[in-house]
**Q** 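A single structure is presented below for examination.
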Amino acid sequence: MLEIRNLFKSYENKPLLRGISFSVSQGETICLLGASGSGKSTLLRMIAGLEFPESGQILFNKIDLAQTPPHARDFGLVFQDYGLFPHLNIFDNVAFGLKMRNIPAAQINSRVAEMLDLVNLQGFEKRKVTDLSGGEQQRVALARALAPSPRLLMFDEPLGALDKSLKEDLLNQIRAILHKTKIPAIYVTHDQDEAFTIADRILFLHDGEIIRDGTPDEVWTNPNSAWAARMLGMGNVIEGRMQNAEGRTWNVETEFGVFNVECEHKHLAGEKISLLLKQFPTPVFGSGARGEGDEIKLKVEDVLFKQDQFQVKLRGGLVIHLKDAPKVGQIIRVKVQVECLA
Ligand code: ADP
Ligand code: MG
């Protein structure tokens with residue numbers, strides 16, 4: 001399906017994307033997760049044909065799209081700000097791409113009705129854009145993108161402007177629609193919750209490169225870098241210094257004690273590294289738990305109520321989650337699993 005090969009792009013001599021490669025298969029939703037300003041929208045605009053890479057290729061079904069103008073690519077786009085035409089009613093918005101393709105009126109009527117049905121806006125044809133809520137407008141935008149049966153759908157932070165409960169609702173609808181239609185999709189966001197809900201595969205965009213590509217389960221179990229671990233809100237990324245090793249197992253000195261850590265990468269004694277301290281047993285999905293875990297003893301600095309558990313802040317900025325609230329000032333013992341992040 002879609003294949004991106006070694007894309008480079010810079011603005012004002014500042015490199016933004018430095019050799020981006022990935023592919024998207026039929027029926028697959030990939031999620032591009034990156035901080036604000038990391039070049040996510042630029043990458044989507046290049047795939048849409050609205051902007052050009054300095055080098056590299058964009059292929060669809062093995063055909064290079066360099067000479068294919070945006071409208072001929074048959075890709076659908078959904079933006080954060082909906083991008084609806086305010087002077088047109090809902091029918092005309094959804095019908096827009098179909099009219100451009102000179103499809104007969106009767107066929108357009110039934111396709112628009114079908115699409116409004118799909119996004120749960122049956123009978124909204126005559127309504128004005130300005131009379132709809134943000135969530136409804138975004139569903140119209142989705143119906144408009146889907147109407148011409150695009151070969152690929154791209155979402156650029158589509159839920160950014162919506163409040164939390166609406167977000168979840170719409171995200172689940174988008175997920176259901178993507179599964180039903182099997183249209184390959186690229187979903188761009190800086191929100192890890194969204195990424196984990198929608199993605200078959202997550203790609204981390206950092207410093208102009210894709211630094212991690214894997215299923216949600218894989219990247220959660222093994223984020224592979226301090227940046228990815230922080231981006232995923234795993235929180236407890238600490239600094240350490242390599243002391244000595246026995247094979248691949250290093251003694252790593254940290255402010256929380258010396259840990260015995262197995263590292264896949266090559267290291268030198270004295271080297272500074274980042275470690276991930278996971279609460280043990282791991283409370284969220286991911287079954288990477290090995291062995292017994294290490295025990296640390298720390299003072300409770302703050303306790304926050306978080307729905308079904310308490311978020312406990314410990315000395316040194318560590319955060320863990322417990323079913324029962326400890327007292328501030330109390331010393332508690334926590335089992336952690338320590339992983340090397342590079
Ligand atoms: P993201 O969508 O990840 O937030 P963008 O792709 O929008 O990131 O932008 C990445 C960077 O590229 C930003 O620093 C932005 O200022 C810069 N940029 C984007 N478009 C242009 C442009 N047309 N001219 C100059 N700089 C741009
Ligand atoms: Mg953007």
Side-chain angles (χ1 to χ4, degrees), residues 2-24 29-58 65-66 69-71 73 75-84 134-135 137-138 141-142 144-145 150 152-164 166-167 170-171 174 178 184-199 201-214 216 219 223-233:
L2 183 78
E3 192 185 344
I4 307 293
R5 286 191 194 155
N6 213 18
L7 283 194
F8 280 79
K9 178 77 179 174
S10 41
Y11 287 121
E12 288 142 10
N13 289 325
K14 269 189 265 160
L16 179 62
L17 300 171
R18 305 183 294 143
I20 301 287
S21 301
F22 64 89
S23 54
V24 191
T29 302
I30 68 149
C31 184
L32 205 61
L33 188 61
S36 170
S38 57
K40 304 182 296 296
S41 297
T42 304
L43 183 54
L44 287 194
R45 282 202 304 274
M46 292 196 292
I47 297 169
L50 304 167
E51 204 149 342
F52 296 95
E54 278 146 31
S55 63
Q57 288 169 300
I58 299 166
L65 299 180
H71 67 269
R73 294 190 180 196
F75 295 165
L77 262 166
V78 180
F79 304 100
Q80 174 171 351
D81 59 2
Y82 324 132
L84 297 175
Q137 287 192 41
Q138 194 56 301
L142 182 59
R144 183 181 61 180
L152 173 79
L153 270 174
M154 291 187 273
F155 297 86
D156 194 351
E157 314 222 23
L159 309 180
L162 304 175
D163 59 40
K164 196 167 185 277
L166 256 181
K167 246 186 202 180
L170 193 50
L171 194 60
I174 293 175
L178 291 176
I186 304 178
Y187 189 103
V188 154
T189 182
H190 65 272
D191 181 321
Q192 56 108 349
D193 283 339
E194 271 177 51
F196 275 88
T197 306
I198 200 99
R201 200 148 55 84
I202 297 181
L203 278 62
F204 288 100
L205 180 63
H206 180 56
D207 250 351
E209 292 179 287
I210 291 181
I211 60 162
R212 185 81 172 92
D213 176 346
V219 301
N224 266 6
S225 72
W227 181 85
R230 286 203 181 95
M231 189 75 190
L232 292 177

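We're numbering straight along the sequence, starting at 1. Indexing begins at 1, ligand by ligand and atom by atom, following the structure's order.
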**Q** Distance under 4.0 Å to a non-hydrogen atom of Thr42: what atoms of ligand 1 satisfy this?
**A**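 Checking each atom against Thr42, I get 5 (P), 6 (O), 9 (O).
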**Q** Mark the output for His190 as yes if a heavy-atom distance to ligand 1 is under 4.0 Å, and as no if none is.
**A** no
**Q** Tell me the contacting part of Lys9 for ligand 1: side chain, backbone, both, or neither, using a 4.0 Å heavy-atom threshold, strictly below.
**A**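 Neither part.
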**Q** Just checking, any donor-acceptor pair under 3.5 angstrom between side chains of Glu54 and Ser10?
**A**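 Yes - a donor-acceptor pair under 3.5 Å links their side chains.
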**Q** Rounded at 0.5 Å granularity, tell me how far CZ in Arg212 sits from NE2 in His206.
**A** 14.5 Å
**Q** Calculate, to the nearest 0.5 Å, the distance between atoms CG and OH belonging to Leu142 and Tyr82 respectively.
**A**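 Nearest 0.5 Å value for the CG-OH distance: 13.0 Å.
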**Q** Taking 4.0 angstrom as the limit and counting only heavy atoms of Arg45, give me the atoms of ligand 1 inside it, by number and element.
**A** 20 (N)
**Q** Can you tell me the protein heavy atom closest to atom 10 (C) of ligand 1 and the distance?
**A** Gly37 O, 3.4 Å
**Q** Checking a contact table here: which protein heavy atom is nearest atom 26 (N) of ligand 1, and how many Å away?
**A**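 For this ligand atom, the closest protein heavy atom is Tyr11 CG, 3.3 Å.
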**Q** Check whether any protein heavy atom sits under 4.0 Å from atom 3 (O) of ligand 1.
**A**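 When distances to the protein are checked, atom 3 (O) of ligand 1 has a heavy atom within 4.0 Å.
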**Q** Out of curiosity, Gln138 CD to Asp81 CG, how far, rounded to the nearest 0.5 Å?
**A** 8.5 Å
**Q** Taking only Lys NZ, Arg NE, NH1 and NH2, and the carboxylate oxygens of Asp or Glu, determine whether Asp213 and Arg201 approach each other closer than 4.0 Å.
**A**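 Yes, Asp213 and Arg201 are salt-bridged.
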**Q** Any N/O of Glu51 closer than 3.5 Å to an N/O of ligand 1?
**A**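 No.
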**Q** Has Ser38 got any heavy atom lying under 4.0 angstrom from an atom of ligand 1?
**A** yes
**Q** How far does OG1 of Thr42 sit from CG of Leu16, to the nearest 0.5 angstrom?
**A** 5.0 Å
**Q** State the OG1-CD1 distance between Thr189 and Ile202, to the nearest 0.5 angstrom.
**A** 10.0 Å
**Q** Can you find a heavy atom in the side chain of Leu77 that is under 4.5 Å from one in the side chain of Leu50?
**A** yes
**Q** Under 4.0 Å from any heavy atom of Ala35, which atoms of ligand 1 are there?
**A** 3 (O)
**Q** N/O/S of Gln80 less than 2.8 Å from the Mg ion (ligand 2)?
**A** no
**Q** What protein heavy atom sits nearest atom 7 (O) of ligand 1, and how far off is it?
**A**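 Checked against all protein heavy atoms, atom 7 (O) of ligand 1 sits closest to Ser41 CB, 3.7 Å.
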**Q** Looking at atom 21 (C) of ligand 1, tell me if a protein heavy atom falls under 4.0 Å from it.
**A**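 Within 4.0 Å: yes, protein heavy atom nearby.
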**Q** Taking C-beta and beyond as the side chain, do Gln192 and Met231 meet within less than 4.5 Å on heavy atoms?
**A**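 Contact flag for Gln192/Met231 side chains = no.
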**Q** Kindly confirm or rule out an N or O of Gly39 lying under 3.5 angstrom from an N or O of ligand 1.
**A**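 Yes, there is a polar N/O contact under 3.5 Å.
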**Q** List the atom of Asn6, the atom of Gly19, and the distance in Å for their closest heavy-atom pair.
**A** OD1-CA, 3.3 Å
**Q** Using a 4.0 Å heavy-atom cut-off, say whether Leu43 meets ligand 1 through its side chain, its backbone, both or neither.
**A** neither
**Q** What atoms in ligand 1 come closer than 4.0 Å to a heavy atom of Ser36?
**A** 4 (O)
